[in-house]
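In what follows, a single structure is set out as structure tokens and then discussed.
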Number of protein chains: 2
Amino acid sequence: MSPRRSDPNARSTLVDIAARLLAEEGPEALSTRRIAAEAGSSTMAVYTHFGGMQGLVREMVHEGFARLQRYLTGVTETDDPVADMALLGRAYRGNALANPDLYAVMFGGFSLAGFTLSDEDRQHGRYTLANVARCAGRCIASGRFEPGDPELVAHHMWVATHGLVTLELGDYLFEPYDAERIFESQLVNMMVSAGDKPETAARSVADSRTRLETEVPE
Amino acid sequence: MSPRRSDPNARSTLVDIAARLLAEEGPEALSTRRIAAEAGSSTMAVYTHFGGMQGLVREMVHEGFARLQRYLTGVTETDDPVADMALLGRAYRGNALANPDLYAVMFGGFSLAGFTLSDEDRQHGRYTLANVARCAGRCIASGRFEPGDPELVAHHMWVATHGLVTLELGDYLFEPYDAERIFESQLVNMMVSAGDKPETAARSVADSRTRLETEVPE
DNA sequence: TTGTAATCAGAACACTGTTATGGAATCCGG
DNA sequence: CCGGATTCCATAACAGTGTTCTGATTACAA
């Protein structure tokens with residue numbers, strides 16, 4: 001593996017350009033010729049480095065998973081695990097709102113440039129649930145949550161938050177039933193369903209809101 | 001408006017062909033030339049009837065909303081409104097599983113052939129929530145749910161079910177945490193969060209399961 | 001220095017949505 | 001009944017897409 005002249009990290013440069021085009025101009029702007037023009041090269045760059053457009057999209061999806069992981073690992077462990085849990089949900093939503101198109105490709109179940117996720121990619125996505133499951137385990141150990149499977153709790157949390165985020169990205173939630181309002185009560189409902197008392201759950205969820213700006217990237 | 005010879009309902013024929021192609025071969029198979037070949041005509045048919053590919057996709061989305069509406073209106077009102085509520089959730093999921101690609105276009109927040117939903121289309125989608133809100137009102141009136149806004153309850157139900165369905169369609173739920181398992185406990189959690197007692201909620205959710213095959217189309 | 005491998009520019013191919021053109025069949029007013 | 005007017009569609013072309021082939025240019029190794 002020996003590059004000719006230019007950047008030795010031409011790969012990440014192309015991925016960055018593609019991610020920027022996707023974020024700024026939407027999926028329609030993602031074309032080999034457009035990317036090549038932005039990078040100042042020819043369309044062949046996409047093929048020598050990624051084997052085609054789908055390979056580039058795959059790389060973008062991996063970057064998307066890495067960003068999500070970064071958002072989740074940004075929340076620190078405190079002595080209130082339920083508040084940590086709520087903050088994980090907020091971080092998950094924050095990442096989706098910061099990278100909406102990327103999130104749609106990762107979890108929207110739809111194809112971009114004919115690309116569809118492989119089982120390995122999906123496993124990559126599910127791996128980020130480990131953070132949530134670990135926190136659920138701490139909630140159970142502390143006695144706030146009922147004894148049970150932390151992974152199952154994490155899945156319930158994931159399903160609910162994912163549903164809210166996708167409908168929010170699709171502009172389906174507004175006015176009296178806006179995403180913020182539903183999300184707040186949803187977080188409390190999640191904690192109560194997992195076993196926490198309504199009063200303490202509401203308190204922890206409220207506490208987690210103030211930690212959002214300080215413990216989440218970007 | 002007078003057709004030349006063939007079908008006077010050439011519009012619905014083209015929509016049916018497009019829907020079948022989308023369901024059987026995925027989004028990549030949706031092309032004007034392919035549709036024209038299946039219909040035995042030329043690509044111009046798409047333009048005279050729909051003004052372009054996006055117009056055809058819009059018509060397919062409307063058809064998708066109509067099918068969802070048909071699924072939801074299929075559940076009859078019984079003297080157990082909570083069971084009716086659970087069955088509405090099952091019907092919603094049933095429609096999504098029966099028309100996965102169409103559902104992704106409707107609610108996935110992603111574009112197909114450069115088509116994006118208009119505000120009017122979205123309103124069309126939110127209108128189907130009226131069925132759920134009406135049922136929530138009956139649950140509140142019966143005393144099973146706490147007094148409150150039926151529409152808000154419907155939104156919580158929608159968000160949770162949509163999240164489960166999209167992750168299920170994306171093949172993210174399997175093995176020990178499969179969609180069926182999560183959905184069942186999620187339904188109970190929804191009812192309890194709305195105010196129902198855990199025992200009666202579990203009973204109603206279980207009762208609704210047997211009604212699925214008889215009260216849902218297809 | 002020579003050889004080998006990697007990288008990329010350019011042209012070409014098959015495909016896409018779309019538009020312009022024109023012909024054919026219906027309707028509708030006389 | 002008949003003659004515009006209108007509607008529909010087949011054909012061909014254009015600009016765009018992902019992709020492949022070819023060849024030239026460069027970097028690194030023996």
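Numbers restart at 1 for each chain; the letters A, B, ... are given by sequence-line order, proteins then strands.
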(request) With side chain to side chain donor-acceptor pair (under 3.5 Å) as the test, would you mind laying out the steps for A:D149 and A:H155 before giving the verdict? (result) CA-CA 10 Å; A:D149 184 357; A:H155 272 77; over 6 Å; no

(request) Determine whether the aromatic ring centres of A:Y92 and A:Y71 lie less than 6.0 Å apart. (result) no

(message) Tell me the interatomic distance from A:M44, atom CE, to D:dA24, atom P, rounded to whole angstroms.
(response) 16 Å

(request) Considering just the side-chain nitrogens and oxygens of A:T32, establish if one lies under 4.0 Å of OP1 or OP2 belonging to D:dG18. (result) yes

(message) Does anything in residues 162-177 of chain A form a salt bridge (charged side-chain N to carboxylate O under 4.0 Å, His left out)? List the pairs, not counting sequence neighbours.
(response) A:R93-A:E168

(request) May I ask you to say what B:S31 touches in the nucleic acid, namely base, sugar-phosphate or nothing, with a heavy-atom cut-off under 4.0 Å? (result) sugar-phosphate

(request) Would you indicate what A:S41 reaches in the nucleic acid, counting non-hydrogen atoms under 4.0 angstrom: base, sugar-phosphate, or nothing? (result) sugar-phosphate

(request) Let me know the distance between CG of A:L30 and P of D:dG16, rounded to the nearest Å. (result) 17 Å

(request) Using heavy atoms to find the nearest nucleotide of DNA chain D for B:H49 and A:M53 separately, return the residue whose nucleotide is more 5′. (result) B:H49

(request) Round to a whole Å and report the spacing from CZ of A:F50 to P of C:dC8. (result) 11 Å

(request) Rounded to the nearest angstrom, tell me the gap between atom CZ in B:F115 and atom C1' in C:dT16. (result) 19 Å

(request) Would you indicate which nucleotide in D:dT19, C:dT19, D:dC21 comes nearest to any side-chain atom of B:Y47? (result) C:dT19

(request) Could you check how far CD1 of B:I35 sits from P of C:dT18, rounded to whole Å? (result) 11 Å

(message) Strictly below 4.0 Å: does B:S42 bring a side-chain N or O up to OP1 or OP2 of D:dC9?
(response) no

(message) Of the options C:dT18, D:dC9, D:dT20, whose atoms approach the side-chain atoms of B:A45 most closely?
(response) D:dC9

(request) Starting from P on C:dT16, measure out to CG on B:L56 and report it in whole angstrom. (result) 15 Å

(request) Only one of A:M85, A:R90, A:Q186 passes side chain to side chain contact (heavy atoms under 4.5 Å, CB included) with A:V205; say which it is. (result) A:R90

(request) Using only heavy-atom distances, decide whether a donor-acceptor pair under 3.5 angstrom links the side-chain of B:R33 to the base of C:dG17. (result) yes

(request) Measure from CD on A:E28 to C1' on D:dG18 and round the result to the nearest Å. (result) 14 Å

(request) Please work out whether the ring planes of B:H162 and A:H162 are parallel, tilted or perpendicular, with thresholds of 30° and 60°. (result) parallel

(message) Could you tell me how far apart A:Q54 (CD) and D:dT19 (C1') are, to the nearest whole angstrom?
(response) 12 Å

